[in-house]
Amino acid sequence: MCGIVGIVSNKSVSASIIGALKKLEYRGYDSAGISTISNNRINEQKCSGRVDNLEKILFQNPSDGDLGIGHVRWATHGIPNQINAHPHSSEVVSVVHNGIIENSDKLRDEYIKKGYSFKSQTDTEVITVILTDFLKSEDLINCIHKTLEKLEGSFALGVIFKDYKNLVVGARRGSPLAVGYGHNENFIGSDSYALKSMTNKISYLDDGDFCLLYREKVEFYNSEKKKINKEILELSNEDNIAEKGDYKDFMSKEIDEQSFTTKKCINEYLDKSRNEINIYNLPIDPKKINKIRLIACGTAYHSCLMAKYWIEENTSIDVEADIASEFRYRNVKLNKDDLYIFVSQSGETADTYAALEKCKKNNVKTCGIVNVVESSIARLADFVLPIHAGPEIGVASTKAFLGQMLVLYLLILKISKERSEIDQENYKKLILDLIKLPDFIKQTLSKQKDIQVVARDFVNAKGTMYLGRGYSYPIAMEGALKLKELSYIHAEGYAAGEMKHGPLALIEDGMPVIVLAPKDRYFEKTISNMQEVIARGGKVIMITDDTSTTMSENIRFKFQIPKTNSTLNPFLLCIPLQFLAYHVALLKNCDIDKPRNLAKSVTVE
Ligand code: AGP
């Protein structure tokens with residue numbers, strides 16, 4: 001939820017820290033701060049709001065120094081103001097933190113009794129105080145190690161010490177931390193994207209690790225203070241391309257990229273010469289899979305809901321889709337003949353990671369479907385399937401959602417074929433239909449203006465509903481989430497057949513209602529549900545591939561998607577919903593790439 005960066009260099013670091021913080025703002029943007037060491041003191045400067053505010057302060061009052069740390073915050077403990085902004089410093093140490101220290105109240109009491117005082121409401125400040133205390137009696141390594149041992153919960157830390165002017169310390173437990181290698185300078189950052197403008201040589205700390213960054217070397221230690229080595233990865237330039245270019249915001253770029261990213265992902269997994277899906281070496285023999293459990297959060301969870309329908313349609317395997325924050329605490333029966341699939345764009349979502357850890361501890365077989373291949377989930381899962389969507393910066397997920405659905409669809413077809421539950425002819429036909437999908441996506445993307453016209457209907461709406469049956473139901477859920485998180489308008493996704501069991505009471509005259517009604521086997525029933533809404537004054541925006549439906553006077557608008565294989569409708573249905581949420585948010589002057597209260601990677605519970 002927060003972003004941290006640290007640099008030790010042979011030149012001034014404040015500009016590089018600010019640049020890295022700007023790349024980290026998608027992780028949190030309530031407040032920002034920086035600490036450097038110069039003139040034998042810690043210079044801490046911080047403020048509420050965006051990194052731009054911090055930059056203005058530094059312009060007036062520059063932070064010198066060739067080593068420092070920086071932070072962008074998504075508040076967990078304490079309101080987003082200047083006092084609670086990171087870094088948190090004493091005379092001798094300064095700390096930035098991403099995560100939650102769950103025993104911070106107990107530790108705060110313990111150190112108040114020792115005579116220490118606290119300035120902020122944050123959990124993080126206890127780390128500063130404990131380090132300050134241990135510095136009085138321990139050498140640096142023991143000071144760090146003993147401090148970390150007192151902490152319960154999750155953290156990625158960046159620390160600088162007034163009396164150690166040649167190093168920056170990093171530490172990780174449960175929140176991601178990358179190390180970047182430069183020439184006479186080294187870096188830590190919450191992810192490689194933050195460091196991309198300074199290096200493409202990256203290592204990753206694992207839980208329990210800490211590191212000492214010097215200008216000429218990096219030392220890694222494990223949780224037993226034992227020196228260890230870390231693999232150095234060289235990121236391809238492609239991994240690092242994430243600029244807006246001519247687009248107004250990242251979200252419009254990422255929506256527009258979907259035909260390209262879908263085509264790229266298909267090319268990664270499909271051998272067109274043999275009409276074969278190149279997914280092999282699953283951690284469990286597909287023929288022996290008894291059940292598939294899909295676990296994720298938010299939009300990624302909606303891709304799991306979608307996969308449930310495809311698995312039921314194409315295999316005899318039992319399947320469940322679970323919200324990770326529920327799965328991780330329920331007394332779930334884990335079985336060695338089940339496959340546990342974890343879907344996560346960032347690969348760092350705390351709840352999803354914890355659910356994966358639970359499965360790993362029980363020795364069941366796990367698969368991670370991620371967009372960030374060097375992420376924590378990717379490194380913990382038994383088997384990883386990247387979605388190849390490229391960096392997704394907009395907090396509201398768009399191209400990653402399509403990528404998640406696509407990889408799940410490919411995996412399901414492959415498993416079905418390996419189990420001989422789909423015949424070769426049908427398998428080949430579905431693959432040929434899939435090859436055409438990017439073009440259908442492109443056609444749908446070209447109709448942005450068609451949906452833009454109805455965005456105004458939502459601006460002052462008290463609320464709205466998204467209805468769908470079968471394959472359209474998970475997309476109704478996803479469309480509602482898009483509108484909520486971008487425009488702050490209350491929106492609910494419902495199974496259309498569920499309306500008469502209560503939600504129909506919400507329909508008021510003139511209320512906009514989205515109905516997803518492709519011409520599939522649910523079409524007639526969905527039209528009946530749509531009529532129930534119209535009869536009560538609802539203004540229906542219908543999204544369909546059906547050309548025959550006459551436009552009744554109460555269907556406010558009909559958005560036409562191209563006709564394709566009905567199992568692929570979800571990929572097309574979600575595009576007008578992305579556009580709708582985007583344009584309503586624009587009309588409401590909401591921040592498109594950084595909606596209020598949210599963050600791109602939810603690395604705390
Ligand atoms: C997506 O629009 C949301 N911002 C959010 O629900 C997101 O999908 C969820 O936090 C899971 O993130 P992940 O895919 O990185 O695990």
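Every number for a ligand or one of its atoms is a count from 1 in the order of the listing. Only this structure's heavy atoms are used, side chains among them; waters, hydrogens and symmetry mates stay out.
Checked by distance only, ligand 1 and S344 come closer than 3.5 Å through their nitrogen or oxygen atoms. Considering backbone and side-chain atoms alike, T352 places every N or O at 3.5 Å or more from each N or O of ligand 1. Not one N or O of L481 is nearer than 3.5 Å to an N or O of ligand 1, by distance alone.
Counting heavy atoms under 4.0 Å from ligand 1, residue E485 touches it through the side chain alone.
Both tests hold for K447 against F559: distance to the six-membered ring centre under 6.0 Å, angle to the ring axis within 45°. A cation-pi arrangement is present between K358 and F327 under the rule of less than 6.0 angstrom and at most 45 degrees off the ring axis.
What sits closest to atom 12 (O) of ligand 1 on the protein, heavy atoms only, is T349 OG1, 3.5 Å. Among protein heavy atoms, the minimum distance from atom 10 (O) of ligand 1 is reached at V602 CG2, 3.9 Å. The single protein non-hydrogen atom nearest to atom 15 (O) of ligand 1 is S346 OG, 2.7 Å, given as residue, atom name and distance. The protein heavy atom nearest to atom 4 (N) of ligand 1 is V395 O, 2.9 Å.
The shortest side-chain heavy-atom distance between I279 and F383 falls under the 4.5 Å cut-off.
Of the candidates Q345, H302, Q578, it is Q345 that places a heavy atom closest to atom 14 (O) of ligand 1.
Two rings, from H583 and F458, have their centers 6.0 Å or more apart.
Atom numbering of ligand 1 starts at 1 in the shown order; those under 4.0 Å from a heavy atom of T299 are 1 (C), 2 (O), 6 (O), 8 (O). Those atoms of ligand 1 that come under 4.0 Å of a heavy atom in A396, given as number and element, are 2 (O). For ligand 1, the atoms closer than 4.0 angstrom to any heavy atom of A300 are 8 (O), 14 (O). Close approach of ligand 1 to K482 is summarised as follows: ligand atoms under 4.0 Å from at least one heavy atom of the residue are 2 (O). Listed by number with element, the atoms of ligand 1 under 4.0 Å from a non-hydrogen atom of S397 are 1 (C), 2 (O).
Ligand 1 lies less than 4.0 angstrom from a heavy atom belonging to C297.
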Quick one, R328 with D351, criterion salt bridge (Lys or Arg N to Asp or Glu O under 4.0 Å). Give me CA distance, side-chain angles, the key distance, then yes/no.
CA-CA 7 Å; R328 66 180 288 191; D351 287 318; 2.7 Å; yes
Test log, rule side chain to side chain donor-acceptor pair (under 3.5 Å), inputs T122 and R73
CA-CA 11 Å; T122 67; R73 185 172 183 239; over 6 Å; no
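With hydrogens and angles ignored, the 3.5 Å screen pairs no side-chain donor or acceptor of W310 with any backbone N or O of I412. The backbone N or O of L334 sits nowhere less than 3.5 Å from a side-chain atom of N362 that would complete a donor-acceptor pair.
Between S203 and E231, the side chains place no donor N or O within less than 3.5 Å of an acceptor N or O (distance only, hydrogens not considered). In this structure, a donor-acceptor pair under 3.5 Å is present between the side chains of Y582 and D249.
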